[in-house]
A.B. asks: 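I am attaching a structure below and will ask some questions about it afterwards.
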Amino acid sequence: MEVRDLHPWPDTRAEAEAIQDGLRPLLDLDSPGPVRPRTVAGLDVSYAGDGDGTGARLAAAAVVLDAATLRVVEESVAVGTAAFPYIPGLFAFRELPTLVEALRGLRTVPDLLVCDGFGVAHPRRFGLACHVGVLTGLPAIGVGKTAFVGEHATPGPRRGDASPLTDDGEVVGRVLRTQDDVKPVFVSVGHRTGLDDACRIVLELAPDYRLPETTRRADRLSRDALRS
DNA sequence: GCGACAG
DNA sequence: ATCTTGTCGC
């Protein structure tokens with residue numbers, strides 16, 4: 001599939017933040033988004049080592065599933081190098097180049113992208129899912145495993161229970177329980193999707209495990225690609 | 001100034 | 001993310 005060319009690459013933290021600020025106005029946070037996506041792509045990245053600096057070997061995977069059956073429609077992997085040090089808030093710059101390469105290897109154009117990490121639930125309201133959404137033009141959401149920004153009440157214990165994730169007085173996402181008595185995930189919108197739809201789709205993608213099947217598939221594929 | 005801090 | 005032993009449970 002087509003993906004917009006990467007903007008000039010930042011060498012410093014300030015440049016990276018400037019890029020986020022420049023791209024943020026391109027976000028579409030009002031469109032209804034895909035109510036019934038037929039295909040959903042999961043994105044994930046695995047690392048080889050080398051700590052949090054630049055240069056670590058990594059593998060990025062994009063796995064397209066049929067949303068109704070959760071069967072794999074297509075897979076794409078790319079190996080590369082960490083393009084930026086790990087800095088909370090600038091996480092996207094670390095793996096974006098390789099992730100984009102994996103997306104370009106896709107023949108299918110998915111109806112929705114599910115990223116590991118966050119969308120607008122981000123200090124500058126421009127997390128990885130926003131970045132990927134703007135670069136591809138596709139609806140995108142983020143599913144994070146641990147808290148990053150904002151405050152939230154503990155959601156109820158049952159699958160489907162949720163509580164709003166708020167930051168500076170605005171709702172930036174939702175803490176969603178995907179399985180009974182299992183630690184919830186953090187869902188936030190990235191691009192061209194509503195929060196209600198995002199949460200409903202995440203639940204549909206996670207019938208048996210805490211994380212959506214899209215993420216689990218991409219995680220496994222990227223990990224396997226790293227050892228070869 | 002200090003602690004926290006997606007993956 | 002990754003590094004890792006043991007442990008609980010289907």
Side-chain angles (χ1 to χ4, degrees), chain A residues 10 13 16-17 19-20 23-24 27 42-63 77-103 113-134 140-152 165-168 172-176 178-191 195 198 202 207-212 214-228:
Chain A
R13 179 182 188 126
E17 292 177 342
I19 289 174
Q20 293 182 326
L23 294 179
R24 192 175 46 237
L27 278 182
L43 276 36
D44 195 24
V45 174
S46 293
Y47 294 83
D50 272 20
D52 285 343
T54 303
R57 204 164 71 90
L58 56 79
V63 178
V77 212
V79 293
T81 293
F84 207 76
Y86 173 66
I87 301 173
L90 302 179
F91 170 58
F93 293 96
R94 190 162 174 70
E95 40 189 57
L96 218 36
T98 312
L99 214 40
V100 165
E101 195 182 328
L103 283 168
L113 265 26
V114 177
C115 306
D116 58 308
F118 293 102
V120 296
H122 177 278
R124 314 174 71 79
R125 300 293 182 267
F126 200 78
L128 175 64
C130 299
H131 214 136
V132 169
V134 165
I141 64 174
V143 178
K145 297 181 286 297
T146 62
F148 183 34
V149 293
E151 310 81 44
H152 64 88
L165 177 64
T166 58
D167 188 38
D168 286 322
V172 295
R174 197 171 291 167
V175 185
L176 176 67
T178 54
Q179 298 294 323
D180 292 353
D181 302 311
V182 167
K183 194 208 304 185
V185 297
F186 298 76
V187 179
S188 60
V189 162
H191 188 53
L195 186 55
V202 166
D208 299 319
Y209 297 93
R210 180 190 179 219
L211 296 179
T214 37
T215 300
R216 301 185 70 243
R217 290 281 189 175
D219 178 78
R220 188 140 63 80
L221 179 57
S222 64
R223 198 164 315 204
D224 289 348
L226 214 43
R227 14 170 263 98
S228 69

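Heavy-atom basis, side chains included; hydrogens, waters and symmetry copies ignored. Residue numbers begin at 1 in each chain, while the letters A, B, ... track the order of the sequences.
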A.B. asks: For A:K145, is there any backbone N or O sitting under 3.5 Å from a side-chain donor or acceptor partner on A:R210?
C.D. replies: yes
A.B. asks: Would you indicate what A:Y47 reaches in the nucleic acid, counting non-hydrogen atoms under 4.0 angstrom: base, sugar-phosphate, or nothing?
C.D. replies: sugar-phosphate
A.B. asks: Based on Watson-Crick and G-U pairs with both distances under 3.5 Å, what dot-bracket line describes DNA chain C 5' to 3', crossing pairs as [ ] and inter-strand pairs as |?
C.D. replies: ..........
A.B. asks: Roughly how far, to the nearest 0.5 Å, is CG of A:L43 from CG of A:L103?
C.D. replies: 5.0 Å
A.B. asks: Pick base, sugar-phosphate or nothing for A:G142, based on heavy-atom distances below 4.0 Å to the nucleic acid.
C.D. replies: nothing
A.B. asks: Does A:R124 use its side chain to pair, donor to acceptor, with the backbone of A:R24 at less than 3.5 Å?
C.D. replies: no
A.B. asks: Measure CZ/A:F91 against P/C:dT2 and give the value in whole Å, please.
C.D. replies: 11 Å
A.B. asks: Is the shortest heavy-atom distance from the side chain of A:L113 to the side chain of A:H191 under 4.5 Å?
C.D. replies: no
A.B. asks: Under 30°, 30 to 60°, or over 60°: which ring-plane class applies to A:F118 and A:F148, parallel, tilted or perpendicular?
C.D. replies: parallel
A.B. asks: Roughly, in whole Å, what's the span from CZ in A:R216 to P in C:dA1?
C.D. replies: 13 Å
A.B. asks: Decide yes or no for A:V63 and A:T214: does some side-chain heavy atom of the first lie under 4.5 Å from some side-chain heavy atom of the second?
C.D. replies: no
A.B. asks: Could you check how far CG of A:D181 sits from P of C:dC10, rounded to whole Å?
C.D. replies: 14 Å
A.B. asks: With sugar-phosphate meaning primed atoms plus P, OP1 and OP2, does A:L58 contact a base, only sugar-phosphate, or nothing at under 4.0 Å between heavy atoms?
C.D. replies: nothing
A.B. asks: Using modelled atom types only, decide if a donor and an acceptor are shared between the side chain of A:R94 and the backbone of A:T54 within a distance under 3.5 Å.
C.D. replies: no
A.B. asks: Between which nucleotides of DNA chain B, read 5' to 3', does contact with chain A run, using atoms under 4.0 Å from its heavy atoms?
C.D. replies: B:dC5 to B:dG7
A.B. asks: Describe the nucleic acid contact of A:L43 in one word from base, sugar-phosphate, nothing, applying a heavy-atom distance below 4.0 Å.
C.D. replies: nothing
A.B. asks: If only atom types and distance count, is the side chain of A:R57 paired as donor or acceptor with the main-chain N or O of A:L226 below 3.5 Å?
C.D. replies: yes
A.B. asks: Nearest whole angstrom, please: distance from the C1' of C:dC10 to the CG of A:D208.
C.D. replies: 14 Å
A.B. asks: Counting the atoms with a prime plus P, OP1 and OP2 as sugar-phosphate, which does A:G144 contact under 4.0 Å by heavy atoms, base, sugar-phosphate, or nothing?
C.D. replies: sugar-phosphate
A.B. asks: In terms of relative ring orientation, are A:Y86 and A:F91 parallel, tilted or perpendicular, with 30° and 60° separating the classes?
C.D. replies: perpendicular
A.B. asks: Where are the stems of DNA chain B, defined as at least 3 consecutive Watson-Crick or wobble G-U pairs with both distances under 3.5 Å?
C.D. replies: none
A.B. asks: Does A:A121 reach a base, just sugar-phosphate, or nothing at all? Heavy atoms under 4.0 Å.
C.D. replies: nothing
A.B. asks: Could you give me the CA-CA distance, side-chain angles and deciding distance for A:D167 and A:E151, then say whether side-chain contact (heavy atoms from CB on, under 4.5 Å) is met?
C.D. replies: CA-CA 6 Å; A:D167 188 38; A:E151 310 81 44; 4.1 Å; yes
A.B. asks: Looking at side-chain heavy atoms only, is the closest gap between A:V187 and A:L165 below 4.5 Å?
C.D. replies: no
